Amino acid sequence: MLTVAQAFDRVIREVHPLRDQEQVSIPAALGRILASAVRGSADVPAWDNSAMDGYAIAAADLHGESDTTPQLLQVVMEIPAGVAPDRSLASGQAARIFTGAMLPQGADTIVMQEDTQRTGNQVQILRRPQPGAFVRRRGSYYQAGSPLLEAGIKLGPADLAVLATVQCCDVPVLRQPRVALVSTGNELVAPEQPLQPGQIVDSNRYILSALVQESGAIAQHFQTVGDQLSEVTETIAEALAAADIVISTGGVSVGDYDYVDQALQRLGGKLHFQSVAMKPGKPLTFATFEFDQAQRPVLFFGLPGNPVSAPVGFWRFVQPALRKCAGLKQGVGPDFVQAIALESLASGGGRETYVWGHLDWDRGHYQFRPAPGHQISGNLINLAQTNALGVLSCDRPQIRAGESMTVMRI
Ligand SMILES: Nc1nc2c(c(=O)[nH]1)N[C@H]1C(S)=C(S)[C@@H](COP(=O)(O)OP(=O)(O)OC[C@H]3O[C@@H](n4cnc5c(N)ncnc54)[C@H](O)[C@@H]3O)O[C@H]1N2
Ligand code: MOO
Ligand SMILES: [Mg+2]
C-alpha cells in the first residue's frame with residue numbers, strides 16, 4: 001500500500017493545468033486564476049496629488065531663519081479633488097488644496113491645514129514643512145508598463161481593487177475546472193425523502209459539492225447510482241465525457257457491491273492506486289483516462305463512501321489536484337502548520353491518521369483541539385464547525401497534550 005506522501009506525488013504528477021482562457025468583468029474575477037500577467041498602462045498615482053487638506057506651496061519659497069518663523073503666502077486658487085488646476089503657482093503663492101486633489105504646476109509640497117493660519121486670501125505657514133511633504137508623487141506606487149500581477153495567482157478582493165485602479169476591465173482568467181460528482185450506493189436518498197429502513201441520506205454529495213465550489217471549480221451533479229456494475233459504469237462514462245475531474249464516493253472497498261474499480265477497468269482507465277495507508281480513507285482509487293480528443297487526461301478519484309473518509313480524501317488529494325488543475329502556480333497545498341496539541345492523541349499506527357478538530361491562534365502559537373465525540377469515519381456529526389485535521393504520522397502515532405504537532409488546515 002502506498003504511503004500518503006507517495007500517493008500524493010502520484011496524483012500531483014498526473015495533473016496538467018488547464019490553459020483555456022476567458023475574459024470576465026472585475027467583480028466576476030474574484031477567486032479566479034489569472035491567465036496571463038497584467039501590466040497597467042498608466043502610472044499610479046496618475047498625477048502628483050495631495051495626501052492632506054491644506055496648502056500646496058513651493059518649498060523653496062520658505063526662507064525663514066528658523067523652522068518656526070511664520071511665512072506669509074498669497075492664496076491664489078482652490079483645488080478640490082477631481083479638478084485640474086487652471087494655473088501655475090508663482091513665487092510667494094499658495095493654493096488651497098484638499099486630499100486627493102492634483103498639485104498645480106510650481107508646487108512641490110503640502111502644508112497641512114493644522115500648521116497654517118488663514119487670514120483672507122493670505123496664509124501663514126506656521127511650521128516649515130519637509131520639501132515634498134504630503135505629496136503622493138505620480139508613479140510612486142506603480143510605473144506604467146512594469147509588472148503588476150503575475151499569471152497563475154488566485155485573485156482576491158485586493159487584487160480586484162488593483163485591477164480596477166489600472167483599468168483592466170476585461171480580466172483574463174483561466175477556465176474553471178469542471179468536476180463531476182457521482183454518489184454510489186443502493187441505500188442513498190435525498191435529504192427531502194423519508195428514510196425507509198436501511199437507507200441513509202447522501203451527505204457526501206453536499207460536502208463535496210461545497211468543497212468543489214470553494215476550491216474555485218464548477219460542480220456537475222450526476223445521478224446517484226445503485227450498486228450495479230452496469231449502472232456504475234454507465235454513469236462514470238457520462239461523467240468522464242463531461243468533466244476534467246470525476247469524483248465518486250462509495251463502492252471502492254472489497255465488498256460484493258463495490259463496483260467502482262471494475263467499472264474503471266471496463267472503461268479503460270489507468271488505475272494508479274486503489275488504497276492508501278491513511279485513516280480514514282484507506283480504500284481510495286485514483287485513475288486517469290486518456291481520450292483521443294482531449295488535451296489532457298481526465299482524472300478520476302474514487303473516494304470511500306464513509307462520510308468522513310470522503311472529505312478527508314478530498315482535502316488531502318483532490319483539493320491540491322484541483323488547485324493545480326485550475327492553474328494555480330503556488331500554494332496548491334495541503335496547508336500544514338505546527339500547533340500545540342490541547343489533548344493527547346493516539347492512533348493504531350500503521351496508517352497515517354487524520355483527526356478532525358479546531359485550529360486556533362492563541363498568544364503567539366497555533367493550538368489544535370480534536371472534535372469531541374467519536375473520531376470514526378462513519379460519524380460526520382462532529383465534523384461540523386471543524387477547520388483542521390491533526391496528523392498522526394506512522395512514525396509518531398502518539399502525541400501528548402502540550403506537544404507540537406502537524407495540523408492541516410481545511
Ligand atoms: N472487509 C473490509 N471492509 C471494509 C474495508 C476493508 O478494508 N475491508 N475498509 C473499510 C473502510 S476503511 C472504508 S472507508 C469503507 C469504504 O467503503 P466503500 O468506499 O466501498 O463505500 P461503501 O461500502 O459504499 O460505503 C461505506 C459507508 O459509507 C456510507 N456511504 C456511502 N456513500 C455515502 C454517501 N454518499 N453519503 C453518506 N454516506 C455514504 C455507506 O452507507 C456505508 O456505511 O469500507 C470499509 N469496509
Ligand atoms: O479508511 Mo475508512 O475511511 O477508515 O473508514
Ligand atoms: Mg463498500
Side-chain angles (χ1 to χ4, degrees), residues 1-4 7 179-193 195-212 219 221-229 231-233 235-236 239 246-265 271 273-287 300-318 346-356 371 373-384 389-392 394 397 410:
M1 203 172 0
L2 296 184
T3 65
V4 174
V179 180
L181 297 174
V182 179
S183 299
T184 74
N186 286 332
E187 72 277 33
L188 302 180
V189 296
E192 299 79 16
Q193 280 174 261
L195 290 187
Q196 300 301 323
Q199 293 184 328
I200 60 159
V201 170
D202 176 359
S203 59
N204 287 345
R205 185 178 289 282
Y206 291 86
I207 190 166
L208 292 174
S209 170
L211 287 170
V212 163
H221 290 272
F222 284 77
Q223 74 270 19
T224 299
V225 287
D227 297 313
Q228 275 170 10
L229 181 57
E231 235 184 281
V232 174
T233 310
T235 304
I236 289 178
V246 178
I247 304 173
S248 70
T249 69
V252 287
S253 184
V254 293
D256 291 351
Y257 296 90
D258 294 332
Y259 286 120
V260 169
D261 292 354
Q262 280 181 62
L264 299 176
Q265 266 145 359
L271 274 70
F273 56 81
Q274 288 157 271
S275 57
V276 184
M278 72 187 286
K279 187 179 169 157
K282 179 182 67 167
L284 196 160
T285 295
F286 174 60
F300 183 95
F301 294 91
L303 299 180
N306 274 320
V308 181
S309 313
V312 168
F314 184 94
W315 283 311
R316 190 62 184 83
F317 300 108
V318 187
S347 79
R351 290 197 266 162
E352 186 164 296
T353 298
Y354 290 76
V355 175
W356 45 106
H374 293 289
Q375 290 269 341
I376 183 158
S377 63
N379 175 26
L380 83 165
I381 299 301
N382 63 353
L383 195 59
L389 296 171
V391 185
L392 294 152
C394 296
I410 56 175

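Just follow the structure's listing: the first ligand is 1, and inside any ligand the first atom is 1. If you're wondering where the values come from, they're calculated on a predicted model, not measured in any experiment.
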Enquirer: Go through the structure and list residues passing side chain to side chain contact (heavy atoms under 4.5 Å, CB included) with L380, not counting sequence neighbours.
Expert: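 Listed in chain order: S203, P307, V308.
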Enquirer: Below a 4.0 angstrom heavy-atom separation, can you tell me which part of V252, side chain or backbone, both or neither, approaches ligand 1?
Expert: both
Enquirer: Looking only at protein heavy atoms, identify the closest one to atom 11 (C) of ligand 1 and say how far it is in Å.
Expert: P283 CG, 3.8 Å
Enquirer: Looking at L271, I want to see if its CG is surrounded by more than 12 non-hydrogen atoms of other residues, nucleotides or ligands under 6.0 Å.
Expert: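 More than 12 within 6.0 Å, yes.
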Enquirer: Considering only non-hydrogen protein atoms, determine which one is nearest to atom 38 (N) of ligand 1 and report residue, atom name and distance to 0.1 Å.
Expert: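 Sorting protein heavy atoms by distance from atom 38 (N) of ligand 1 puts I200 CD1, 3.2 Å first.
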Enquirer: Is it the case that the ring center of F286 lies less than 6.0 angstrom away from the ring center of F300?
Expert: no
Enquirer: On a heavy-atom basis, which atom in L383 and which in P311 lie closest, and how many Å separate them?
Expert: CD2-CG, 4.0 Å
Enquirer: I need the minimum non-hydrogen distance between N204 and G305, along with the two atoms involved.
Expert: ND2-O, 2.8 Å
Enquirer: Roughly how far, to the nearest 0.5 Å, is NZ of K279 from SG of C394?
Expert: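 Nearest 0.5 Å value for the SG-NZ distance: 12.0 Å.
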Enquirer: Could you tell me whether a side-chain N or O of E352 sits under 3.5 Å from a main-chain N or O of L392, the two making a donor and an acceptor?
Expert: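 Checked: no pair found.
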Enquirer: Please check this pair: side chain of E231 against backbone of Q228, looking for a donor-acceptor N/O pair closer than 3.5 Å.
Expert: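 Checking the backbone N and O of Q228 against the side chain of E231, no donor-acceptor pair under 3.5 Å is found.
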Enquirer: For ligand 2, which of its N or O atoms have a protein N or O partner closer than 3.5 Å, and how long is each gap?
Expert:
{"unit_1": "ligand 2", "atom_1": "1 (O)", "unit_2": "G281", "atom_2": "N", "d": "2.6"}
{"unit_1": "ligand 2", "atom_1": "1 (O)", "unit_2": "K282", "atom_2": "N", "d": "2.7"}
{"unit_1": "ligand 2", "atom_1": "1 (O)", "unit_2": "R351", "atom_2": "NH1", "d": "3.4"}
{"unit_1": "ligand 2", "atom_1": "3 (O)", "unit_2": "G281", "atom_2": "N", "d": "2.5"}
{"unit_1": "ligand 2", "atom_1": "3 (O)", "unit_2": "S309", "atom_2": "OG", "d": "2.3"}
{"unit_1": "ligand 2", "atom_1": "5 (O)", "unit_2": "N306", "atom_2": "ND2", "d": "3.3"}
{"unit_1": "ligand 2", "atom_1": "5 (O)", "unit_2": "S309", "atom_2": "OG", "d": "3.4"}
{"unit_1": "ligand 2", "atom_1": "5 (O)", "unit_2": "S377", "atom_2": "OG", "d": "2.3"}

Enquirer: What residue and atom, counting heavy atoms only, is the protein's closest point to atom 33 (C) of ligand 1, and at what distance?
Expert: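 For this ligand atom, the closest protein heavy atom is N204 ND2, 3.3 Å.
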Enquirer: Shortest non-hydrogen contact from G378 to N306?
Expert: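 G378 and N306 have their closest heavy atoms at CA-OD1, 4.1 Å.
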Enquirer: Would one find an N or O of G305, backbone or side chain, under 3.5 Å from an N or O of ligand 1?
Expert: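 Yes, G305 has an N/O under 3.5 Å of an N/O on ligand 1.
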Enquirer: Measure the distance from atom 23 (O) of ligand 1 to every protein heavy atom, then report the residue, atom name and distance (to 0.1 Å) of the closest one.
Expert: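 Going by distance alone, atom 23 (O) of ligand 1 is nearest to D258 OD1, 3.6 Å.
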Enquirer: Tell me whether R205 reaches ligand 1 (any heavy atom closer than 4.0 angstrom to a ligand atom).
Expert: no
Enquirer: Tell me the protein heavy atom at minimum distance from atom 45 (C) of ligand 1, and give that distance in Å.
Expert: S253 OG, 4.0 Å
Enquirer: Give me the nearest non-hydrogen protein atom to atom 40 (C) of ligand 1 as residue plus atom name, then the distance to 0.1 Å.
Expert: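 Sorting protein heavy atoms by distance from atom 40 (C) of ligand 1 puts E187 OE2, 3.0 Å first.
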Enquirer: Using atom types as modelled and distance alone, determine if a side-chain donor or acceptor of R351 lies under 3.5 Å from a backbone N or O of A277.
Expert: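 No.
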Enquirer: Any idea which part of N306 is under 4.0 Å from ligand 1, heavy-atom wise: side chain, backbone, both or neither?
Expert: both
Enquirer: Shortest non-hydrogen contact from S377 to S309?
Expert: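 Smallest interatomic distance, heavy atoms only, reads CB-OG, 3.1 Å.
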Enquirer: Provide the number and element of each atom of ligand 1 under 4.0 Å from a heavy atom of G251.
Expert: 18 (P), 19 (O), 20 (O), 21 (O), 22 (P), 24 (O)
Enquirer: Just verifying a value: how many Å separate F301 CZ and F314 CZ, rounded to the nearest 0.5 Å?
Expert: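 Output value for this atom pair is 9.0 Å.
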Enquirer: Going by heavy atoms, is G185 under 4.0 Å from ligand 1?
Expert: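 Flag not set, G185 not near ligand 1.
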Enquirer: Which atoms of ligand 1 are found less than 4.0 Å from any heavy atom of K282?
Expert: 7 (O)
Enquirer: Numbering the atoms of ligand 1 from 1, which are under 4.0 Å from a heavy atom of V201?
Expert: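 Listed by number with element, the hits are 36 (N), 37 (C).
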Enquirer: Can you check the number of protein N/O/S atoms within less than 2.8 Å of the Mg ion (ligand 3)?
Expert: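 N, O or S atoms of the protein closer than 2.8 Å: 2.
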Enquirer: Has the side chain of R205 got a donor or acceptor atom that lies under 3.5 Å from a matching backbone atom of F222?
Expert: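 Yes, because the side chain of R205 sits within donor-acceptor range (under 3.5 Å) of the backbone of F222.
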Enquirer: At under 4.0 Å between heavy atoms, is it the side chain or the backbone of K279 that contacts ligand 1, or both, or neither?
Expert: neither
Enquirer: Other residues, nucleotides and ligands only: do more than 12 of their heavy atoms fall within 6.0 Å of NE2 on H221?
Expert: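 Enclosed: over 12 neighbouring heavy atoms sit under 6.0 Å from NE2 of H221.
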Enquirer: Among D227, D202, L181, which residue places a heavy atom closest to atom 35 (N) of ligand 1?
Expert: D202
Enquirer: Could you state the interatomic distance from CZ (F273) to CG (L2), rounded to the nearest 0.5 Å?
Expert: 6.5 Å
Enquirer: With heavy-atom distances below 4.0 Å as the criterion, list the atoms of ligand 1 near V254.
Expert: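 Answer for ligand 1: 1 (N), 2 (C), 8 (N).
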Enquirer: Please report the shortest heavy-atom distance between Q375 and W356, naming the atom on each side.
Expert: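 Heavy atoms of Q375 and W356 come nearest at NE2-O, 2.9 Å.
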Enquirer: Which of the numbered atoms in ligand 1 are below 4.0 angstrom from a heavy atom of L188?
Expert: 32 (N), 33 (C), 34 (C), 35 (N)
Enquirer: Is S203 in contact with ligand 1, taking contact as a heavy-atom separation below 4.0 Å?
Expert: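 So S203 counts as touching ligand 1.
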Enquirer: Return yes if some donor-acceptor pair links the side-chain N/O of D258 with the main-chain N/O of G255 below 3.5 Å, else return no.
Expert: yes
Enquirer: Any atoms of ligand 1 less than 4.0 Å from a non-hydrogen atom of T249? List them with their elements.
Expert: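 Near T249, the atoms of ligand 1 are 35 (N).
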Enquirer: Does Q262 reach the main-chain N or O of Y259 with its side chain, forming a donor-acceptor pair under 3.5 Å?
Expert: no
Enquirer: May I ask whether G255 has any heavy atom positioned less than 4.0 angstrom from an atom of ligand 1?
Expert: no
Enquirer: Nearest 0.5 Å, what's the CG-CD distance between L229 and Q265?
Expert: 10.5 Å
Enquirer: So is T224 in contact with ligand 1, going by heavy-atom distances below 4.0 Å?
Expert: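 Not so, T224 does not reach ligand 1.
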Enquirer: Which of the atoms in ligand 1, numbered in the order shown and given with their element, are less than 4.0 Å from a heavy-atom of P304?
Expert: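 Taking each heavy atom of P304 in turn, ligand 1 has 14 (S), 16 (C), 19 (O) under 4.0 Å.
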Enquirer: Under 3.5 Å, which donor-acceptor pairs link side chains of residues 180-187 to any protein atom two or more places apart or in another chain?
Expert:
{"unit_1": "S183", "atom_1": "OG", "unit_2": "D202", "atom_2": "OD1", "d": "3.3"}
{"unit_1": "S183", "atom_1": "OG", "unit_2": "D202", "atom_2": "OD2", "d": "2.8"}
{"unit_1": "T184", "atom_1": "OG1", "unit_2": "T249", "atom_2": "O", "d": "2.9"}
{"unit_1": "T184", "atom_1": "OG1", "unit_2": "G250", "atom_2": "O", "d": "3.3"}
{"unit_1": "N186", "atom_1": "OD1", "unit_2": "D227", "atom_2": "N", "d": "2.8"}

Enquirer: Where is the tightest heavy-atom contact between V4 and V276, given as atom of each residue plus distance?
Expert: CA-CG1, 3.8 Å
Enquirer: Give the atom numbers and elements of ligand 1 that come within less than 4.0 Å of a heavy atom of S309.
Expert: 14 (S)
